[in-house]
2 protein chains.
Amino acid sequence: MTKSREVKVVDTTTEEKIKEAARAVFYKKGYAATRTRDIAEEAGINLALLNYYFRSKEKLFDMIMLETVTGFMHTMATILNNEKSTLEKKVELVASHYIDFISKEPNIPIFMLSEIRNNSDGLLKKLPIRQLIMQSLFFKQHQEAVAKRKITEPNPLHFLMNLLSLVVFPFIAQPLFQGISGLNETQFNKLIHERKKLIPIWIKAMMKAK
Amino acid sequence: MTKSREVKVVDTTTEEKIKEAARAVFYKKGYAATRTRDIAEEAGINLALLNYYFRSKEKLFDMIMLETVTGFMHTMATILNNEKSTLEKKVELVASHYIDFISKEPNIPIFMLSEIRNNSDGLLKKLPIRQLIMQSLFFKQHQEAVAKRKITEPNPLHFLMNLLSLVVFPFIAQPLFQGISGLNETQFNKLIHERKKLIPIWIKAMMKAK
DNA sequence: AAATATTTTAATCAAATGATTAAATAACCA
DNA sequence: TGGTTATTTAATCATTTGATTAAAATATTT
């Protein structure tokens with residue numbers, strides 16, 4: 001292993017450093033509010049290097065945005081299509097995985113959803129998310145459960161919307177809820193993590209309600 | 001009624017025109033992405049008038065932000081403190097009111113939550129939202145219901161978080177859900193409005209689950 | 001009507017910001 | 001090593017953007 005290789009493994013490439021810095025700043029402040037100079041500073045590099053490696057702020061952003069959304073959807077599709085888990089287990093997996101994931105990157109949901117909303121040319125339309133989820137095993141299992149009268153709500157979109165709402169919204173509205181409740185960050189995190197167990201129970205009860 | 005007064009009533013003041021334009025643009029694009037020139041154009045006025053009436057972009061924004069958050073919280077507090085409604089009825093009122101309200105201004109939730117997140121000096125701390133909600137009749141009724149074993153989940157914050165999640169998140173993630181489902185705007189709106197009836201049923205079932 | 005105050009406009013400023021350039025430095029290779 | 005390529009830097013550009021100014025237009029008061 002040459003020295004240059006070792007640097008790439010142990011430390012990180014300048015290119016990677018910039019990308020990671022950009023990711024951090026974009027996640028926190030969004031596209032419009034981040035300055036290329038913020039990214040340069042965060043990465044500890046000269047401003048010109050950003051354009052040297054990535055041509056423009058917009059190209060760098062598009063790359064990160066694409067990776068973020070793709071990663072999010074890919075994980076979702078993987079869970080929803082898991083052959084070895086029941087519908088109930090999938091609910092547990094979604095809740096558990098995303099609560100842990102978002103806990104590590106709390107700004108991701110509002111970042112993604114804000115930027116998707118702005119994005120007029122439609123990043124979503126370029127990705128094959130539609131069939132990946134609408135034709136997932138999760139949806140088939142839901143359909144079966146409806147047929148067997150295990151679930152009353154026949155629309156699988158309500159099912160998925162409810163699950164994601166309960167998982168994601170508390171993070172998005174965290175500052176609001178902390179302001180209301182007076183809980184500090186540690187206490188709030190504890191509350192959030194309780195939900196890994198609670199959400200599957202709630203979802204189960206909801207979907208049987210009539 | 002003089003002519004100048006009539007103008008103020010029928011038409012609108014320049015000042016009001018600017019404020020309404022600013023509201024529209026800020027809601028849609030957020031603080032960082034809106035240009036004072038965007039607001040001027042939307043209002044059909046000269047750029048200098050914005051500074052003449054409101055001194056700066058930031059002051060104009062702060063004013064709109066304060067009104068928005070105050071309005072939101074005030075309505076919430078009013079519903080949660082309604083002496084004449086049961087806990088269940090309050091859930092219905094919240095769902096019904098906010099679904100109608102956000103339907104008319106779909107960008108409000110993500111706007112508010114994004115900007116609250118940025119706001120480092122803490123707009124929330126200046127408002128008396130804490131006691132207004134934590135000491136609300138809604139929370140007292142919840143406590144009673146827990147005592148009477150009508151509700152299993154003892155934490156009222158989970159209760160409120162769940163309710164708001166189910167109401168608000170579908171709007172925030174609307175572009176995502178439309179991308180996933182392939183529904184057009186009309187179809188999606190129909191889905192959202194179904195939730196006015198469904199959410200109270202779901203909440204009821206959830207909170208009794210164990 | 002004349003004088004005064006208010007509102008609006010066009011022109012301009014200064015700072016911020018995304019991007020480029022040419023030169024310097026470091027890495028690589030024959 | 002010496003030459004070539006790749007990386008990095010400092011300086012600078014051109015635009016954009018928030019804000020100001022002085023003058024013009026309009027409304028109000030005396």
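Everything numeric here is computed off the predicted structure, so don't read it as measured data. Residue numbers start from 1 in every chain, and the chains themselves are labelled A, B, ... in the order their sequence lines are given, proteins ahead of strands.
- Applying the side chain to side chain donor-acceptor pair (under 3.5 Å) rule to pairs touching residues 159-172 of chain A yields A/Asn162-B/Arg195, sequence neighbours excluded.
- Here the nucleotide nearest the side chain of B/Arg35, chosen from D/dT7, D/dG18, C/dT8, is D/dG18.
- Atom-to-atom, NZ of A/Lys29 to C1' of C/dA16 comes out at 13 Å; the value is rounded to the nearest Å.
- The shortest heavy-atom contact between A/Pro156 and A/Pro154 is CD-O, 3.2 Å.
- A/Glu15 has its CD atom 9 Å from the P atom of D/dT7, to the nearest Å.
- In this structure, A/Tyr53 atom OH and C/dG18 atom C1' are separated by 19 Å, rounded to whole Å.
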Close N or O pairs between protein and nucleotides 19-21 of chain D (under 3.5 Å):
| from | atom 1 | to | atom 2 | distance (Å) |
| --- | --- | --- | --- | --- |
| D/dA19 | OP2 | B/Lys57 | N | 2.7 |

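- Residue pairs satisfying the ring pair (Phe, Tyr, Trp, His ring centres under 6.0 Å) criterion with at least one member in residues 181-204 of chain B, sequence neighbours excluded, are listed as follows: A/His158-B/Trp202.
- Under the rule for a ring pair (Phe, Tyr, Trp, His ring centres under 6.0 Å), the partners of B/Phe72 that lie at least two apart in sequence or sit in another chain are B/Tyr98.
- Sorted by first then second residue, the side chain to side chain donor-acceptor pair (under 3.5 Å) pairs that include residues 134-143 of chain A, not counting sequence neighbours, are A/Lys90-A/Gln141.
- The distance between atom CZ of A/Phe61 and atom C1' of C/dG18, rounded to the nearest whole Å, is 16 Å.
- For A/Leu49 and D/dT7, the CG to P distance is 10 Å, given to the nearest whole Å.
- Per the geometry, OH belonging to A/Tyr31 stands 11 Å off C1' belonging to C/dT17, to the nearest Å.
- In this structure, the salt bridge (charged side-chain N to carboxylate O under 4.0 Å, His left out) partners of B/Arg23, at least two apart in sequence or on a different chain, are B/Glu20, B/Glu67.
- A straight line from CD of B/Glu41 to C1' of D/dG18 spans 17 Å, rounded to a whole angstrom.
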